[in-house]
Every structure is written in structure tokens, then in C-alpha cells.
K.L.:
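Submitted below is the structure of interest, expressed as C-alpha cells.
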Amino acid sequence: YALTEGNPRWEHTHLTYRIENYTPDLPREDVNNAIQKAFQLWSAVSPLTFSQVSEGQADIMLSFVRRNHHDNSDFDGPEGQLAHAFQPGPLIGGDVHFDEDETWTRDFRNYNLYRVAAHELGHSLGLSHSNDIGALMYPHYFHSGDVLLSQDDINGIQTIYGPSTNPTKPKGPQTPQVCDSKLTFDAITMVRGDVMFFKDRFYMRVNSHYPEPELNFIAIFWPNLPSSLQAAYDIVDKDEVRFFKGDKYWAVQGQEMLPGYPKDIYRSFGFPRSVKRIDAAVFEEDTGKTYFFVANKYWRYDEDKQSMDAGYPKLIAANFPGIGSKVDAVFQKDGFFYFFHGTRQYKFDPKTKRVLTLEKSNSWFNC
Amino acid sequence: LPAATSRMQEDDEKMVQKYLESYYNLRTDGEQIERKRKSGPMVEKLKQMQEFFGLKVTGKPDAETLNMMKQARCGVPDVVR
């Protein structure tokens with residue numbers, strides 16, 4: 001996070017706000033709700049409280065304006081700049097301006113008013129832009145459905161105003177750091193030649209042509225996938241990737257989500273009802289078999305026959321010696337299986353059934 | 001096609017300049033970007049922007065940088081004005 005230069009802040013903790021005018025894009029009640037919820041995000045993690053007033057000068061005045069609106073920053077018409085806000089202070093200080101040339105929504109369509117208001121209020125309270133892509137104070141617009149303060153945002157606001165007076169100390173989601181030696185993964189798979197690592201709401205992607213790992217929201221590619229996936233595998237010859245969470249799974253081809261999903265793992269693969277989640281999965285190109293890892297056992301599924309092979313589940317330790325008895329994630333590359341458990345990674349040769357190397361889990365990121 | 005390309009490049013150059021002026025305090029005095037591009041401030045501001053967004057720091061408006069600049073965003077500068 002970053003604080004506004006000079007560390008401007010409100011000296012009182014109870015602030016007032018007024019909505020000066022309303023966008024015609026939404027019913028007034030939706031605008032009121034969006035703004036109220038945006039204030040609540042910040043009040044939940046700080047000692048600040050906010051109340052709406054209907055007339056006169058409030059600490060934070062919010063308005064919908066376009067182009068030249070008589071401050072130091074004209075708006076630029078549709079797209080581009082969506083809104084701006086002023087640092088804490090008297091008069092125009094703290095005020096928020098929304099560009100009326102945008103279309104304002106209450107849903108996933110561009111641009112969600114609650115999402116933008118929540119960001120701008122961060123400026124009104126003294127925060128500057130964060131370079132943490134998972135932070136609400138990141139300067140670019142992205143809306144995945146949830147509006148969350150990340151731990152970075154919480155750290156920022158609490159640096160200015162101190163901790164919340166709420167006895168339950170709210171925590172925000174952390175954005176994974178690719179070079180964090182404690183980094184673990186929810187799921188990993190190849191996607192059209194790139195290795196994609198999944199963690200919470202994010203993916204990390206590497207390919208041989210571009211050594212810098214890319215970190216972004218899963219929803220950028222697949223808006224309908226849930227966060228915190230548990231397993232994933234790609235069937236190269238079908239150009240299909242399957243993602244698992246709980247007893248459900250989704251299928252995609254490239255960026256396209258395939259219709260008819262999510263489906264349940266019981267009817268599609270024949271798992272017994274005692275299996276509540278898949279920890280990891282990998283497709284073996286040579287044999288057309290998919291291995292599913294569940295607790296300390298694994299199952300083998302024949303993708304051609306579309307049925308589970310007989311004689312499973314078996315113990316992981318019996319047939320994958322050296323990788324332990326639990327798998328967080330696994331993918332196949334160049335004929336080898338790469339197993340991940342905690343911060344450890346095992347390169348495994350399925351032909352000789354031997355572990356070839358042991359590495360840190362984030363060894364793919366050129367740290 | 002070549003005409004469209006050069007038109008596009010011109011638009012991109014204007015966009016880069018406007019972006020850096022708006023969010024990175026690039027100061028221009030009406031000079032053409034072609035002259036500015038080879039000098040320090042533009043490159044330095046581009047590097048600053050690329051570093052902030054975790055892009056490869058080249059000091060050049062490569063495709064990834066242009067894509068980032070074209071995204072909708074907050075109008076508050078990334079550096080203090």
C-alpha cells in the first residue's frame with residue numbers, strides 16, 4: 001500500500017457524506033446502497049464511522065460529473081478514467097467525482113459503482129495507489145463479483161487511523177507473492193503449453209518465451225470459475241482443461257467455459273459419495289489415463305472409456321514412492337509428473353517410478 | 001494497411017504521452033513526442049510506470065505496456081501531483 005504524500009488524514013473519526021446528484025444509470029436506491037456499502041468496507045476495518053446527510057456541506061461530497069467539471073482534472077469521456085477523489089481536507093478535500101460518461105451498474109457489467117466507490121473512498125481517507133494487484137487500491141478496474149479489502153488495504157488504512165475498535169479483527173485476503181519461499185498451491189495444470197499455478201483468486205503463469213511470471217485474477221480468463229480451486233488437469237488432445245472444487249467440476253477450452261457445467265464428480269467419474277473433494281489430478285498423455293489424488297489414495301480414470309479403472313483407489317505411497325502420502329497439486333510436462341505438497345516439489349518419472357529431483361514449490365518462477 | 005499502422009502508432013504515442021502526463025507527472029511543453037521519446041523524462045516515467053505495474057522494465061512502450069495503459073482506471077495519479 002501507499003499513503004498519500006504528506007500523510008493527510010481526517011482528524012475526527014466520525015465523518016459525514018452527501019450524494020450531491022444521482023446517475024440516471026441506476027435507481028437512486030441502488031446508488032445509495034452502493035455508496036453505503038463502500039463506506040462500510042472501510043469502517044469495518046478502522047475506527048472510522050460514516051453517516052449520510054441530505055443537505056449542506058459534508059466531509060465527503062460525492063457527485064456524478066463529466067468532462068470539465070471545474071476542478072484540476074477533467075474527465076475524458078467514456079472509458080479511460082472512471083472516477084477520481086481528493087485527499088482528506090476541507091472543502092473539496094475528500095470529495096469523490098464519478099465520470100457520468102461511464103455506464104454505472106450494480107452487477108458484473110462495466111462499471112460497477114460499488115467497486116469504483118470503494119476504491120475512491122480509499123483516496124478520500126488518505127490512501128494512494130497500491131501496486132498489489134489484489135488490493136482494492138490498485139489503480140486499474142477489475143470486478144470479479146466480490147468487492148474485498150485485501151490485507152494490503154487493511155494495513156494501509158490501519159497505518160493511518162489505527163486498528164478497528166471491532167473486537168473481531170477482520171483479515172483480508174493476501175495476494176500471493178511468487179518469490180515467497182512459503183508459497184503453496186491449490187492446483188496446477190498446463191493450459192495450451194503454459195504452466196498455470198492457482199492460488200485463492202489468482203493464477204500465476206510461466207512459459208519458456210517469457211521468463212517473468214504473470215500474476216492475475218483467475219476471473220480474467222474464466223469469470224465463472226470459483227476461487228480456491230482444488231485440482232485441475234488438461235487433456236491435451238481434446239484441448240480441454242478441467243477444474244475441481246468440492247464435488248463439482250468445470251471444463252474450459254482456452255478462454256471459453258464449456259456449457260453444461262459445473263457437473264458433479266460422482267456421475268461423471270464414478271467416485272463414491274465418500275469422496276468430498278479432489279486434492280490433485282493429472283492426465284497422462286501416453287496412456288490416456290487421469291490420476292486423481294484424494295487424501296492418501298489415488299484413483300485412475302480412463303478418458304477413452306470414460307470409466308474408472310478397476311482396483312482403485314490405491315495408496316499413493318505404494319505406487320508413487322518418495323512423494324509422501326498427500327498431494328496438493330500435480331501436473332505433467334515432457335513426460336514427467338511434478339508433485340507439490342506444501343513448499344516441496346518432486347519431479348517424478350512415471351516410467352521408472354522414481355523421484356528425480358526435489359525442489360522448492362516456487363522453483364518455476366525464476367526467483 | 002501501412003497507413004492504418006502508422007495512424008495506430010501515432011495514436012499510441014499520443015496515448016502514452018497523455019497517460020504519463022496524467023499519472024506520472026510527465027511535463028511536456030507542447031513538444032512533439034518524437035523528440036521527447038529519445039530524451040530522459042519519457043523513458044524514466046515509462047520505467048516508473050512499468051515497475052509499478054510489475055511489467056518488464058524496458059523504458060519502451062511495448063505491447064504489454066500499451067495494453068496496461070489502455071485499461072480503464074482511477075483518475076488519481078500514481079505519483080503525487
Side-chain angles (χ1 to χ4, degrees), chain A residues 2-8 65 69 71-76 78-87 96-99 102-103 110-112 115-124 127-133 136-143 175 177-178 210-216 220, chain B residues 4 7-33 36 41-81:
Chain A
L3 307 185
T4 305
E5 196 171 279
N7 296 353
V65 291
H69 51 281
D71 61 14
N72 59 0
S73 305
D74 295 358
F75 280 135
D76 54 359
E79 309 292 334
Q81 292 183 29
L82 307 180
H84 57 223
F86 294 83
Q87 65 183 51
V96 178
H97 299 160
F98 300 99
D99 186 350
E102 313 303 341
T103 304
N110 288 345
Y111 292 98
N112 182 284
R115 169 70 181 76
V116 174
H119 172 99
E120 296 307 329
L121 289 179
H123 293 308
S124 303
L127 288 173
S128 187
H129 282 148
S130 168
N131 61 4
D132 179 339
I133 195 171
L136 198 60
M137 293 314 294
Y138 190 74
H140 284 268
Y141 177 89
F142 175 69
H143 182 57
T175 306
Q177 306 293 315
V178 293
Y210 191 66
E212 300 288 322
E214 172 191 327
L215 170 74
N216 216 320
I220 287 268
Chain B
R7 176 82 234 158
M8 181 69 80
Q9 282 170 350
E10 205 176 295
D11 287 347
D12 282 346
E13 284 172 352
K14 280 186 186 152
M15 185 201 62
V16 170
Q17 179 164 344
K18 186 96 177 60
Y19 188 98
L20 295 176
E21 284 172 3
S22 299
Y23 307 119
Y24 287 85
N25 288 349
L26 178 70
R27 284 172 200 194
T28 54
D29 43 15
E31 281 187 78
Q32 289 296 306
I33 192 166
K36 282 274 176 193
M42 170 76 76
V43 174
E44 285 314 305
K45 295 293 179 187
L46 262 174
K47 284 182 176 172
Q48 209 178 334
M49 179 262 176
Q50 289 164 332
E51 192 172 353
F52 180 86
F53 286 104
L55 302 170
K56 199 169 181 184
V57 179
T58 60
K60 293 174 188 164
D62 47 50
E64 209 181 3
T65 304
L66 288 174
N67 282 342
M68 187 63 89
M69 288 180 169
K70 285 173 184 167
Q71 290 179 26
R73 55 162 290 159
C74 170
V76 172
D78 298 330
V79 291
V80 171
R81 180 139 61 187

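Residue numbering restarts at 1 for every chain, and letters A, B, ... go by the order of the sequence lines. Predicted, not measured: the structure shown is a model, and the values here were computed from it.
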K.L.:
Would you tell me whether E5(A) and S128(A) have side-chain atoms, one donor and one acceptor, within less than 3.5 Å of each other?
P.N.:
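There is no such pair (donor and acceptor under 3.5 Å, judged by atom type) between the side chains of E5(A) and S128(A).
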K.L.:
Need one label for Y138(A): side chain, backbone, both or neither, based on atoms under 4.5 Å from any heavy atom in chain B.
P.N.:
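The answer is the side chain of Y138(A).
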K.L.:
Let me know if E214(A) has heavy atoms under 4.5 Å from chain B in its side chain, its backbone, both or neither.
P.N.:
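The answer is neither part of E214(A).
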K.L.:
Looking at H129(A), Q81(A), H84(A), which makes the most heavy-atom pairs under 4.5 Å with chain B?
P.N.:
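Maximum pair count with chain B is reached by H129(A).
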K.L.:
Between Y111(A) and H143(A), does the ring centre distance come in under 6.0 Å?
P.N.:
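So the answer is no for these two rings.
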K.L.:
Less than 6.0 Å separating the ring centroids of F98(A) and F75(A)?
P.N.:
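Aromatic pair excluded; centres sit 6.0 Å or further apart.
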K.L.:
Out of L82(A), D99(A), D76(A), return the one with the most heavy atom pairs under 4.5 angstrom to chain B.
P.N.:
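The option with the most such pairs is L82(A).
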K.L.:
Just by distance, with hydrogens left out, do H119(A) and H140(A) show a side-chain donor and acceptor under 3.5 Å apart?
P.N.:
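No.
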